[in-house]
Amino acid sequence: MPTLTVDGVEVTVDPGTTVLQACEEAGAEIPRFCYHERLSIAGNCRMCLVEMEKAPKLIASCAMPAGDGMVIHTNTQKVKEGREGAMEFLLINHPLDCPICDQGGECDLQDQSMAYGSGNSRYHEMKRAVTEKNMGPLIKTTMTRCIHCTRCVRFATEVAGVEELGAINRGENMEIATYLEQALDSELSGNIIDLCPVGALTSKPYAFTARPWELSKTESIDVLDAVGANIRVDSRGKEVMRFLPRLNEDVNEEWLSDRSRFSYDGLKAQRLDTPYVRKDETLQPASWGEAFDAIAAKLEGVEGAKIGAIAGDLACAESMIALKDLMNLLESPNIDCRQDGAALTTESRSGYLFNTTIAGIDEADALLIVGSNPRHEAALINARIRKRWKAGNFPVALIGEQVDLTYSYDYLGAGPATLKEVAEGKHSFAETLKKAERPMIIVGQGALSRNDGAAVLALAKKIADDYGFASDDWNGFNVLHTAAARVAGLDLGFVSGEGGKSAREMLDGSLDVLFLLGADEINTSKLTNSFVIYQGSHGDAGASAADVILPGAAYTEKDATWVNTEGRVQLGRRAIFPPGDAREDWTILRALSEKLGKTLPYNTIRELREKMIEVAPHFADIDQVTSADWGAFGTDGAIDDAPFVNPITDYYLTNPISRSSRIMAECSATFSKVKGEGTGTNG
Amino acid sequence: MSQVIETGKAFEFTAENVEKAQKFIARYPEGRQQSAVMPLLDLAQRQNENWLSKEVLEYVGNYLNVPYMRVLEVATFYTMYNLKPVGKYFLQLCRTTPCWLRGSDDLEAVCKNKLGITNGETTEDGMFSLLEVECLGACVNAPVVQINDDFYEDLNAENFEVVLDKLAKGEVPPKGPQIDRTNSAPEGGPTTLLEKTEGA
């Protein structure tokens with residue numbers, strides 16, 4: 001453990017630490033552009049210069065390993081002049097266009113030039129100009145501003161795993177570009193906007209819409225996949241202007257996937273901002289009173305068994321418990337939160353969680369993916385897997401659709417038959433799993449949302465049991481969810497009770513009244529005889545099939561609890577108010593229950609959350625993963641030969657908010673269609 | 001604006017070059033075969049009329065399993081790789097100080113007057129291309145022009161014209177110094193150590 005002195009402060013650091021990190025540990029601030037904790041070291045901006053005793057020149061602290069007995073100074077005149085010099089060089093070709101630059105106000109170059117620059121330039125020659133590069137619909141480029149830190153290139157290569165971005169030419173002619181100016185095809189591409197320390201790469205959809213200092217910042221949770229990435233909602237007035245990731249080492253590190261980052265314009269489009277009631281075959285705007293009257297009149301005299309409720313992918317825990325309680329009061333056993341028909345049950349919590357936890361992937365030493373494309377279903381988890389894979393000694397195998405996961409894997413087969421072979425030890429990969437000390441299996445919704453889903457789950461459980469996936473300090477069994485609502489729904493028991501119908505059975509038209517809580521990814525064609533009540537935020541499939549629409553709040557418009565695929569309970573916070581007459585979802589259900597004479601026993605969100613904790617005590621542990629005991633789940637049964645089909649066909653259009661987003665539509669046209677054509681010709 | 005030119009013509013190594021390529025690849029340790037990108041680009045360039053088209057770049061990328069962008073980075077970094085078609089004779093005229101002092105401007109004037117081309121241009125008949133380059137490392141024989149793989153040294157306007165005339169006729173003038181001199185030995189023969197020392 002090297003011990004070194006930084007500005008008179010002695011620090012002891014782990015071997016392999018750089019001088020820059022040691023300085024930070026000692027409390028000294030080191031300016032930097034190219035250095036980034038999560039990327040490889042480049043050492044090309046020269047901004048992190050510090051003085052090391054016995055060294056003839058200043059050293060680049062980011063690239064110098066800390067050594068025992070080093071004496072470092074970070075605040076001498078020599079260092080000050082060195083930084084001023086580096087800054088002057090960086091600014092030689094950087095345009096002074098801060099007033100028209102979107103990075104203005106949150107620009108590393110601007111800030112550090114104020115803090116460490118000399119304040120004037122001795123350069124009188126012409127600055128170089130670089131043509132704009134096309135990087136697709138999300139990233140706007142102003143390459144004249146680029147200072148060639150190569151953070152974006154390193155991110156794309158190392159974290160995102162797409163080697164399309166690079167530096168062409170050399171010296172003064174060096175330029176950052178994608179190969180042949182193609183759009184950067186990655187689900188994580190938006191992160192290079194955050195990484196860019198200058199205004200060279202900025203957000204195309206956000207361009208010229210707001211300045212950072214006029215935005216209200218609300219810390220919240222992303223719900224467009226089941227990762228539960230921590231986000232910051234930047235809003236102005238009643239508009240969400242953008243989403244940014246928030247640091248959470250256990251979940252998203254500091255990344256955010258493109259769908260979660262850029263779907264924000266979907267929050268302003270296709271909104272249900274007033275109740276609707278179907279009259280004369282068309283949906284017509286109505287008041288809350290009229291909508292509730294219509295529901296009360298319809299429910300009059302209908303027996304509980306003829307009423308049902310389905311919770312969709314974006315339903316918050318609060319609204320689900322309220323709806324569940326209401327259905328109980330109406331004596332209906334027909335409730336289901338698994339609108340995709342996944343064969344997950346509530347009998348054992350470990351049977352539907354990502355038990356390893358996302359951070360736990362770092363410790364795994366073998367992985368089997370079954371019926372899932374984590375790149376599309378949970379892009380940030382895929383980035384974690386890639387990070388682990390890059391560290392080496394990490395055999396990965398896949399059963400399901402053969403897709404590009406950004407890391408190499410053994411392709412074992414397409415369907416459950418292969419899974420059975422592995423489970424019975426007949427497959428060579430079974431040996432690898434047996435030998436591994438911390439093996440993992442990831443079961444996707446593509447493997448579970450089938451008629452034989454329960455049998456597939458049982459096979460996965462058998463693999464986990466037989467090959468030692470679950471021990472005292474390790475649980476390698478993982479279900480990867482695609483919906484932010486699913487785990488909370490299962491935790492709260494939003495599943496059909498005794499004699500109750502599943503979502504699939506409810507959708508066959510046999511019910512008199514069906515309540516859809518934001519359920520849109522369903523087949524509504526057989527619901528012509530059912531009276532459909534849709535509560536949600538966007539006019540999508542569910543709303544068009546509805547007889548009464550109750551306008552709810554989107555995730556940025558309510559305080560709500562979300563449970564991610566790991567079982568981590570996180571609180572989303574309200575950034576803006578719902579549009580028009582839309583209301584927070586649990587309050588709608590509370591008001592409706594009163595109208596129906598079955599008043600729900602809570603008046604405030606606090607009382608509601610107390611009820612939630614009563615049902616599932618881990619809801620009290622915010623931001624924590626409560627590990628689940630290894631129990632029995634899955635049902636042995638016959639398996640089908642049909643190959644697994646991944647649930648997501650278009651990464652950019654998985655939920656009503658993204659489907660309403662023009663940005664996502666453009667991305668889908670740019671990326672998904674091209675891919676579709678490519679595979680279409682392959683038969 | 002892309003620097004890469006697509007020809008629509010597929011590229012493939014000849015059997016002979018495949019053998020060479022395998023030798024290049026074998027020079028690198030197991031798992032590091034991608035390092036052979038530079039010799040392979042050179043090999044491909046020689047086979048493809050001394051330049052690299054999009055098809056060639058991608059062929060090399062596929063051959064070594066290197067992403068196309070990484071190949072392009074290498075190809076644009078080094079000036080020795082030509083990304084657009086060049087003439088049959090690729091003249092690389094050294095403009096660095098020693099050659100300049102010894103009259104590289106005169107050679108440039110010859111190209112302009114005789115061939116009608118300036119830096120970066122190719123003659124209409126596709127015979128000659130001119131590229132000004134930095135030091136070729138033959139300062140002792142300045143000024144120097146590299147024509148394809150060979151150095152033509154100790155040039156002046158007259159003997160450079162002779163070289164160009166011969167090339168135009170399809171002859172191959174002898175490479176090296178174009179004046180009475182062996183390699184970088186003194187002009188007109190040795191000037192020192194002419195007598196044998198005693199005992200030697």
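Residue numbering restarts at 1 for every chain, and letters A, B, ... go by the order of the sequence lines.
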* Using non-hydrogen atoms only, which part of A:T178 is less than 4.5 Å away from chain B: side chain, backbone, both, or neither? ->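 Only the backbone of A:T178 comes within 4.5 Å of chain B.
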* Between CG of A:L180 and CD of B:E6, what distance do you get to the nearest 0.5 Å? ->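 Reported value, rounded in 0.5 Å steps: 8.0 Å.
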* To do: Output the option from A:N169, A:I168, A:N173 having the highest count of non-hydrogen pairs under 4.5 Å with chain B.
  =>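 Looking at each option in turn, the highest pair count goes to A:N169.
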* Asked: Can you name the side chain to side chain contact (heavy atoms under 4.5 Å, CB included) partners of B:A44, sequence neighbours left out?
  ->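 If we apply the side chain to side chain contact (heavy atoms under 4.5 Å, CB included) test to B:A44, skipping adjacent residues, the hits are B:F11, B:F13, B:L52, B:V56, B:V60.
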Please say whether more than 12 non-hydrogen atoms of neighbouring residues, nucleotides or ligands are located less than 6.0 Å from [atom1] in [X].
X: A:N393; atom1: CG; value: no
X: B:K112; atom1: NZ; value: no
X: A:E37; atom1: CD; value: yes
X: A:Y407; atom1: OH; value: yes

* **Members of residues 64-85 of chain B whose heavy atoms come closer than 4.5 Å to chain A** =>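 At a heavy-atom separation under 4.5 Å, chain A is reached by B:P67, B:Y68, B:M69, B:R70, B:L72, B:E73, B:T76, B:F77, B:T79.
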* Would you please name every residue forming a salt bridge (Lys or Arg N to Asp or Glu O under 4.0 Å) with B:E132, sequence neighbours left out? =>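 Partners of B:E132 by the salt bridge (Lys or Arg N to Asp or Glu O under 4.0 Å) criterion, ordered by chain and then number, come out as B:R95.
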* Within residues 35-49 of chain B or reaching into it, pairs that qualify as side-chain hydrogen bond (donor to acceptor under 3.5 Å, both in side chains) - sequence neighbours excluded ->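 Listed by first then second residue: B:N17-B:Q47, B:D42-B:R46, B:Q45-B:N50, B:R46-B:D149.
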